[in-house]
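Notes follow once the structure below has been shown.
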There are 2 protein chains.
Amino acid sequence: MDAPGERDLMGDTTRPEPEPRWLSDGEQRVWRSYLHATTLLEDHLDRQLQRDAGMPHVYYGLLVQLAQAPRRRMRMTELARSAKITRSRLSHAVARLEKNGWVRREECPSDKRGQFALLTDEGAEVLRRTAPGHVAAVRQAMFDRLSPEQVEQLGAIMRVMAEGLEPAGSHADLPWLR
Amino acid sequence: MDAPGERDLMGDTTRPEPEPRWLSDGEQRVWRSYLHATTLLEDHLDRQLQRDAGMPHVYYGLLVQLAQAPRRRMRMTELARSAKITRSRLSHAVARLEKNGWVRREECPSDKRGQFALLTDEGAEVLRRTAPGHVAAVRQAMFDRLSPEQVEQLGAIMRVMAEGLEPAGSHADLPWLR
DNA sequence: CCTACATAGTTCAACTTTCAAGGATGAGTC
DNA sequence: GACTCATCCTTGAAAGTTGAACTATGTAGG
């Protein structure tokens with residue numbers, strides 16, 4: 001399982017390259033299953049939504065966030081943060097959604113730098129029409145196939161992983177992750 | 001939890017729009033954690049590899065597959081299938097990796113339509129140099145944070161989900177998923 | 001051989017994402 | 001006010017992805 005360390009060989013205090021701890025066979029299998037399942041699911045949902053709603057999964061997620069926000073509106077940065085995407089990406093995305101008439105921008109009165117993105121009625125309608133199909137897809141891929149215990153386990157596992165990634169790494173355009 | 005069905009209300013045999021079974025609060029929380037964790041991790045690995053290896057995660061995965069293949073080579077379609085990407089995407093990816101000198105194409109003697117993608121020595125070297133960092137990132141994000149039981153649970157869960165998605169959906173350019 | 005159809009891979013155009021740079025406003029300090 | 005620095009968001013170009021169309025080769029049946 002663990003790779004034998006080489007650090008003791010010469011009492012090296014600088015440790016230029018500690019022998020990496022490779023993944024065990026079991027871990028490799030889990031890792032592959034993880035990659036496998038997550039990419040298949042993301043692809044599946046992307047295609048499902050592209051077909052039924054005319055937008056990729058991420059964009060759909062943005063509409064959902066807006067729909068649940070107080071006055072159907074959110075500041076750009078907050079929306080980016082809760083959707084886990086860069087502000088740059090959000091700018092492009094909102095521009096596209098705006099072209100579709102599903103989102104509008106509105107200036108922020110208290111902060112002239114700020115912008116609100118807000119869900120239009122048309123946007124809400126798209127959501128209303130396509131949500132059932134999307135939920136069905138999610139159910140079919142995940143909740144209908146897992147036992148209640150597994151769902152709970154998955155929740156706990158994903159929370160732990162997310163925790164570890166949230167405050168990590170300094171990103172150029174993800175200042176809230178510093 | 002379950003939404004009350006409306007199907008019995010009028011003995012409707014056509015069932016034009018059965019009330020969708022929305023996600024329960026618990027399910028919603030799990031679903032969000034899932035999206036949250038998986039996107040953060042994928043982004044994290046993408047940046048880690050882009051920085052250290054000069055390529056996105058998917059491309060790195062292609063090199064790994066090739067490295068493990070019999071003579072460091074694979075038919076394009078097989079490679080696409082095992083990496084869960086379309087052949088189109090693979091064509092572009094291999095073109096890029098070829099420019100980097102990490103992969104070469106070779107004709108298939110038995111089938112003139114076919115192409116092999118094969119890992120060059122340079123490609124193997126890149127892999128050798130960057131694998132430790134990548135494994136460390138994966139460990140840090142996943143295996144170092146989960147208990148052995150959770151790792152096992154995650155494996156089981158991901159296998160179930162992948163199963164459900166594998167043979168599903170007819171894809172235009174994913175003929176093996178029919 | 002010929003036709004019809006399937007498979008292997010590529011290519012093009014449209015779209016999405018990333019990265020680095022930039023313009024504008026806010027906040028703190030002197 | 002002037003300076004400095006942080007924050008808000010956008011932009012443009014390069015890179016990556018998608019879906020459909022396309023070329024070429026294989027395969028099966030008459």
Side-chain angles (χ1 to χ4, degrees), chain A residues 39 42-51 54-62 74-81 83-100 103 105-117 169-178, chain B residues 39 42-51 54-62 74-81 83-100 103 105-117 169-178:
Chain A
T39 67
E42 186 57 20
D43 283 7
H44 182 62
L45 294 182
D46 260 335
R47 287 180 219 276
Q48 186 262 317
L49 284 170
Q50 191 69 56
R51 174 166 50 78
M55 65 189 128
H57 189 197
V58 182
Y59 289 25
Y60 182 88
L62 296 175
M74 259 192 234
R75 286 288 295 272
M76 292 292 281
T77 295
E78 196 200 338
L79 181 51
R81 179 159 46 108
K84 269 77 198 170
I85 63 178
T86 62
R87 282 176 300 191
S88 172
R89 188 175 175 183
L90 181 60
S91 271
H92 290 298
V94 167
R96 197 271 221 186
L97 292 171
E98 212 169 8
K99 252 187 226 163
N100 284 279
V103 164
R105 288 184 219 242
E106 203 162 86
E107 309 215 327
C108 175
S110 60
D111 187 337
K112 287 176 190 168
R113 299 167 303 178
Q115 290 271 108
F116 282 104
S170 49
H171 286 294
D173 202 15
L174 290 173
W176 53 78
L177 290 183
R178 269 184 303 195
Chain B
T39 67
E42 186 57 20
D43 284 8
H44 182 61
L45 294 182
D46 260 335
R47 287 182 217 276
Q48 186 262 317
L49 283 170
Q50 191 70 56
R51 174 167 49 78
M55 66 189 128
H57 189 197
V58 181
Y59 289 25
Y60 182 88
L62 296 176
M74 259 192 235
R75 285 289 293 272
M76 293 292 282
T77 295
E78 195 200 339
L79 182 51
R81 178 158 48 108
K84 269 77 196 173
I85 64 178
T86 61
R87 282 175 299 188
S88 172
R89 190 175 175 184
L90 180 61
S91 272
H92 291 297
V94 167
R96 198 273 222 186
L97 292 170
E98 213 169 7
K99 251 187 227 163
N100 284 281
V103 164
R105 289 185 219 242
E106 204 163 85
E107 311 215 325
C108 175
S110 61
D111 186 339
K112 287 176 190 168
R113 299 167 301 178
Q115 292 271 108
F116 282 105
S170 50
H171 286 292
D173 201 16
L174 290 173
W176 51 79
L177 291 183
R178 269 185 303 199

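Numbers restart at 1 for each chain; the letters A, B, ... are given by sequence-line order, proteins then strands. Keep in mind the model is a prediction, meaning the values are calculated, not measured.
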key: Whole angstrom value for the distance that separates P of C:dC19 from CD of B:Q48   = 13 Å
remark   = Of all heavy-atom pairs linking A:R96 and A:G54, the shortest is NH2-O, 3.0 Å
inquiry  = Tell me whether the side-chain N or O atoms of B:H92 pair up with the base of C:dG9 as donor and acceptor below 3.5 Å, since no angle test is needed here.
reply    = no
note = Note: B:A117 and B:M76 closest approach over all heavy atoms is CB-SD, 4.0 Å
message = Would you say that B:R81 contacts B:E78 through its side chain, given a criterion of any heavy-atom pair below 4.5 Å between the two side chains?
response = yes
query = What integer distance in Å separates A:L79:CG from D:dC9:P?
reply = 10 Å
ask   = Has B:R47 got a side-chain N or O lying under 4.0 Å from the OP1 or OP2 atom of C:dC19?
value = yes
remark   = Against the side chain of B:R87, the closest entry in C:dC19, C:dG9, D:dT25 is C:dG9
ask   = How far apart are the closest heavy atoms of A:C108 and A:R75, and which atoms are they?
value = SG-NH1, 3.4 Å
key: Difference in axis direction between the ends of the helix from C:dC1-D:dG30 to C:dC30-D:dG1, five pairs, 10°   = 20°
message = Return whichever of A:G54 or B:L90 has its heavy-atom-nearest nucleotide of DNA chain C closer to the 5' end.
response = B:L90
key: Least distance between heavy atoms, A:D46 atom then A:H57 atom   = OD1-N, 2.8 Å
inquiry  = Surrounding CD of B:E107 (heavy atoms of other residues, nucleotides or ligands, distance under 6.0 Å), is the total greater than 12?
reply    = no
message = Side chain of B:S91 only, heavy atoms from C-beta on: which candidate in C:dT17, C:dT11, C:dA8 is closest?
response = C:dT11
What does the list of N/O pairs under 3.5 Å between the protein and nucleotides 1-3 of chain D look like, with a distance for each?
none

ask   = Where is the tightest heavy-atom contact between B:T39 and A:K84, given as atom of each residue plus distance?
value = OG1-CB, 4.0 Å
note = Between NE2 of B:H57 and P of C:dT18 the distance, given in whole Å, is 15 Å
key: side-chain N/O B:R96 vs D:dG16 OP1/OP2, d < 4.0 Å   = yes
task = Remember a base hit wins even if backbone is also touched, and classify B:D46 as base, sugar-phosphate or nothing at under 4.0 Å, heavy atoms.
result = nothing
task = Could you tell me whether B:F116 contacts a base, only the sugar-phosphate backbone, or nothing, with contacts defined as non-hydrogen atoms closer than 4.0 Å?
result = nothing
message = Working note: A:Q115 + A:V94, criterion side-chain contact (heavy atoms from CB on, under 4.5 Å); need CA distance, chi angles, decisive distance, verdict.
response = CA-CA 11 Å; A:Q115 290 271 108; A:V94 167; over 6 Å; no
message = Can you list everything that forms a salt bridge (Lys or Arg N to Asp or Glu O under 4.0 Å) with A:R105? Sequence neighbours excluded, please.
response = A:E98
ask   = Under 3.5 Å, is there an N or O donor on one side and an acceptor on the other linking the side chain of A:R89 and the base of C:dT17?
value = no
Nearest-nucleotide comparison on DNA chain D, the residue closer to the 5′ end among B:P56 and A:Q50 = B:P56
ask   = Of all heavy-atom pairs between A:L97 and A:M55, which one has the smallest distance, and what is that distance?
value = CD2-SD, 4.1 Å
task = Using whole Å, report how far CZ of A:R81 lies from P of D:dC9.
result = 11 Å
query = Should B:L62 and B:I85 be marked as a side-chain contact (heavy atoms from CB on, under 4.5 Å) after you check the CA-CA gap, both sets of side-chain angles, and the distance that decides it?
reply = CA-CA 10 Å; B:L62 296 176; B:I85 64 178; 4.2 Å; yes
inquiry  = Rounded to whole Å, please give me the gap between CE in B:M55 and P in C:dT18.
reply    = 18 Å
ask   = Does B:R75 have a side-chain nitrogen or oxygen under 4.0 Å from the phosphate oxygens OP1 or OP2 of C:dG9?
value = yes
ask   = Can you tell me how far P of C:dA8 sits from CZ of B:R105, to the nearest Å?
value = 16 Å
ask   = Looking at the side chain of A:R113, which of C:dG26, D:dT10, C:dT10 is the nearest nucleotide?
value = C:dG26
note = Whole-Å distance, A:E107 CD to C:dA24 P, equals 14 Å
ask   = B:L62 CG to D:dG16 P: how many Å, rounded?
value = 12 Å
key: Quiz item: B:S88 side-chain donor-acceptor pair to D:dG19 base, under 3.5 Å   = yes
